[in-house]
J.: 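Starting off with a structure, shown below.
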Amino acid sequence: MEVIEVILLLIGILLLSNVINHYIPAIPASLIQVILGCGLALFTNFQIPLSTDWFLLLFIAPLLFNDGRRFPKKELWELKMPIFGNAIVLVFLTTIVGGFLIYKLIPSMPLSVSFALAAILSPTDPVAVQSIASKANLPSNILHLVNGESLINDASGLIAFKYAVAATVTGYFSVFKAASDFVYTSIMGAVIGIVTMLIITSVRKFLYRKGIKNVIFNVVLQIIAPFAIYMLSEEVFHASGVIAVVTAGIVLHMKNSTKQALSPELILINEKNLGYNNLYFKRNCVSDFGNRIAFCYRSSY
């Protein structure tokens, strides 16, 4: 019952943030949610007892899968090098420069802790990017670049954070081990996402040709796909589940299997929502807002 109450409370305050945004359109809704989340966390001692692993699995995995599934194919191919450059080089550069800046501002904080804090702040959030960019009237190529980079920069940020924390705890840091770990988790995650989604789409087509055209079966298969791919990557191969689900979503979009293999009814349900995208939208809003509350709560201690 407590979980339902928390979700209802978050949805209620989320609606309030949109009402405020309607009357103050100059402030992006995401920033209003940050303010409300910090206020709720600091003044009411409100917290969400949800571990990071569960949060990544339940919220981040399906959200990034859906974002990858909807990213434009043409723009993705044309901007592939700038996207990967920003997602890797820019994140690490921001972590290093930000770490030294934080250390300079707060000398009492150890340098490794400063790097860990900078690593948390370096990756851009896809939800916040879309919300803020929609108000800024950015050129389409810049908007696609920022959106594409925000989908895959989590892997870079997580690796930087992991080794910054390890350096804080053990006092030891290996550039070679960090670089090799990043290469393995990124490449293996991408391979798992590609291979797994190709298998899923092939099985789906095969069953469809055999006469299994059940709507519930196809919709449930698509919904559980990101969870299965994320867990396979993280738990079995110890690779980046974030990269795996994003890659899987892009592969599904590239294959365009829905339009090739499914009936008009399934296309309508999968692509025109009838609850499917609404499920992702509500999960997106609640998870994003809840994450801000959790972050503000942890930052207050």
Side-chain angles (χ1 to χ4, degrees), residues 17 24 26-48 50-52 55-56 60 82 84-133 135-136 138 142 145-147 149-179 181-182 185 240 242 287-301:
S17 70
I24 313 178
I27 303 178
S30 57
L31 295 183
I32 296 175
Q33 291 166 13
V34 169
I35 296 172
L36 293 177
C38 288
L40 185 63
L42 295 175
F43 297 110
T44 67
N45 201 30
F46 179 82
Q47 60 177 308
I48 302 175
L50 184 65
S51 67
T52 303
F55 184 85
L56 288 172
I60 301 301
F84 283 101
N86 286 347
I88 298 174
V89 178
L90 189 60
V91 169
F92 287 131
L93 184 62
T94 305
T95 300
I96 295 172
V97 175
F100 280 113
L101 180 61
I102 293 172
Y103 180 70
K104 199 72 175 177
L105 294 174
I106 312 175
S108 59
M109 181 180 293
L111 183 59
S112 57
V113 177
S114 301
F115 283 135
L117 179 58
I120 295 175
L121 301 175
S122 295
T124 53
D125 174 41
V127 179
V129 166
Q130 294 176 7
S131 176
I132 295 175
K135 305 288 184 180
L138 295 175
I142 300 296
L145 174 61
V146 176
N147 283 337
E149 182 261 339
S150 67
L151 291 178
I152 59 178
N153 59 13
D154 285 325
S156 306
L158 289 173
I159 290 293
F161 176 74
K162 172 184 175 181
Y163 281 96
V165 172
T168 302
V169 175
T170 65
Y172 172 76
F173 175 75
S174 172
V175 176
F176 175 77
K177 183 170 176 58
D181 192 13
F182 173 74
T185 56
S240 173
V242 171
S287 64
D288 180 59
F289 187 56
N291 192 30
R292 294 186 176 111
I293 293 177
F295 174 76
C296 292
Y297 178 81
R298 289 194 298 268
S299 302
S300 63
Y301 288 87

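Below, all heavy atoms of this structure are taken into account, side chains as well, without hydrogens, waters or symmetry copies.
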J.: Shortest non-hydrogen contact from Phe161 to Ala116?
T.: CD1-O, 3.5 Å
J.: Are the aromatic ring centres of Phe100 and Phe115 under 6.0 angstrom apart?
T.: yes
J.: Begin with the C-alpha distance, continue with both residues' side-chain angles, and end with the deciding distance and a verdict on side-chain contact (heavy atoms from CB on, under 4.5 Å) for Ile35 and Ile32.
T.: CA-CA 5 Å; Ile35 296 172; Ile32 296 175; 5.6 Å; no
J.: Output the distance between atom CD1 (Ile88) and atom CG (Leu93), rounded to the nearest 0.5 Å.
T.: 13.5 Å
J.: For residues Thr168 and Ser112, is any side-chain donor paired with an opposing acceptor at under 3.5 Å?
T.: yes
J.: Testing the basics here: between Gly99 and Leu111, what is the closest heavy-atom pair and its distance to 0.1 Å?
T.: O-CD1, 4.2 Å
J.: To the nearest 0.5 Å, what is the distance between CG (Leu101) and CD1 (Ile96)?
T.: 13.5 Å
J.: Considering non-hydrogen atoms only, spot the tightest contact between Pro110 and Tyr103 and give its length.
T.: C-CD1, 4.1 Å
J.: How close do Thr94 and Leu90 get, heavy atom to heavy atom, and via which atoms?
T.: OG1-O, 2.6 Å
